Amino acid sequence: MRLILLGPPGAGKGTQAQRLVERHGIVQLSTGDMLRAAVKAGTEVGLKAKAVMDAGQLVSDEIVVGVVADRIEQPDCARGFILDGFPRTVPQAEALDKMLASKGLGLDAVIELKVDEEALVARMENRVKETIAAGGNPRADDNPDAFRKRMAEYREKTAPLSAYYASVGELKVVDGMQSIDAVSTAIDAILSAAVG
Ligand code: AMP
């Protein structure tokens with residue numbers, strides 16, 4: 001199963017991807033997690049990406065597509081994967097199409113989680129509070145300025161992907177304002193219809 005989870009920052013893509021990993025035993029490919037790991041490890045990619053990420057802007061298509069292309073070659077991706085946070089631009093979606101087509105593969109579903117913008121800010125603030133309460137460090141880009149920038153990037157560069165995938169009949173929209181369980185149930189229904 002190859003699946004894309006689309007949606008604005010804080011829509012619940014990561015949470016739902018983790019549930020799908022548990023239920024279906026396929027891997028979650030979060031470009032945000034991969035880039036944060038690269039920043040932590042101080043790799044060349046990490047050094048290039050850090051300031052851009054901290055400001056809430058998108059890392060270049062070239063860097064992100066390179067990271068994903070390497071990752072999907074790993075053996076654990078052979079059974080399928082959930083893309084969480086990728087693609088985020090039309091050129092990234094086109095690059096993904098090419099990568100998959102070169103292996104004779106396609107996507108089983110593209111699922112967009114729809115959430116109101118005010119709810120997203122509240123979710124981000126909660127995530128910061130919970131992380132601090134648990135003794136952790138909040139993400140550098142979970143602050144009001146960077147979050148506003150992330151939303152603007154989403155509207156300008158990522159939202160057009162809905163039309164891109166709708167035009168090829170792959171897009172399914174789920175109401176992301178529902179409870180986590182209800183969203184999972186809706187996603188499962190879509191996947192059963194798509195892959196049986
Ligand atoms: P996320 O964890 O998905 O919210 O991603 C955190 C940050 O990583 C984003 O705000 C971007 O700076 C960067 N990033 C993650 N995925 C991508 C992508 N597909 N394209 C460009 N930048 C990305």
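Order of listing sets the numbers, starting from 1, for every ligand and every atom in it. Quick note: numbers below take in every heavy atom, side chains included, and nothing from hydrogens, waters or symmetry partners. Not measured: the values here are computed from a predicted model.
- Considering both main-chain and side-chain atoms, Gly85 comes within under 3.5 Å of ligand 1 through a nitrogen or oxygen pair.
- Ligand 1 lies within reach of Arg139, whose nearest heavy atom is under 4.0 Å from it.
- Using a 4.0 Å cut-off to heavy atoms of Gln92, the atoms of ligand 1 that qualify are 18 (C), 19 (N), 20 (N), 21 (C).
- Taking any N or O of Val59, backbone or side chain, at least one lies under 3.5 Å from an N or O belonging to ligand 1.
- Of the listed residues (Met34, Gln57, Lys157), the one carrying the non-hydrogen atom nearest atom 11 (C) of ligand 1 is Gln57.
- Between Val183 and the options Arg19, Gln178, Met177, a side chain to side chain contact (heavy atoms under 4.5 Å, CB included) holds for only Gln178.
- Of the polar atoms of Thr31, at least one N or O is found under 3.5 Å from an N or O of ligand 1, judged by distance alone.
- Between Glu130 and Arg123 there is no salt bridge, since no side-chain N of the basic residue sits under 4.0 Å from a carboxylate O of the acidic one.
- Electrostatic pairing of Asp188 and Arg23 counts as a salt bridge here, judged by a charged N lying under 4.0 Å from a carboxylate O.
- For Arg36, the heavy-atom gap to ligand 1 drops under 4.0 angstrom.
- Between Asp76 and Arg71 a salt bridge is recorded (basic side-chain N to carboxylate O distance below 4.0 Å).
- Between the CD atom of Glu153 and the OG1 atom of Thr158 there is a distance of 7.5 Å, given to the nearest 0.5 Å.
- Hydrophobic clustering (side-chain heavy atoms under 4.5 Å, transitive across Ile, Leu, Val, Met, Phe, Trp, Tyr) groups Val59 together with Leu29.
- Salt bridge status for Glu112 with Lys13: absent, with no side-chain N to carboxylate O gap under 4.0 Å.
- Of the protein's non-hydrogen atoms, Met53 CE, 3.4 Å is the one closest to atom 8 (O) of ligand 1.
- Scanning Lys13, Arg88, Lys149 for the heavy atom closest to atom 3 (O) of ligand 1 points to Arg88.
- In summary, the atoms of ligand 1 found under 4.0 Å from a heavy atom of Leu35, numbered by their order in the structure, are 8 (O), 13 (C), 14 (N), 15 (C), 23 (C).
- Every atom of ligand 1 is numbered from 1 in the order shown, and the set under 4.0 Å from a heavy atom of Arg150 is 4 (O), 10 (O).
- Note on Lys129 versus Asp142: no salt bridge recorded, every NZ/NE/NH1/NH2 to OD/OE distance being 4.0 Å or above.
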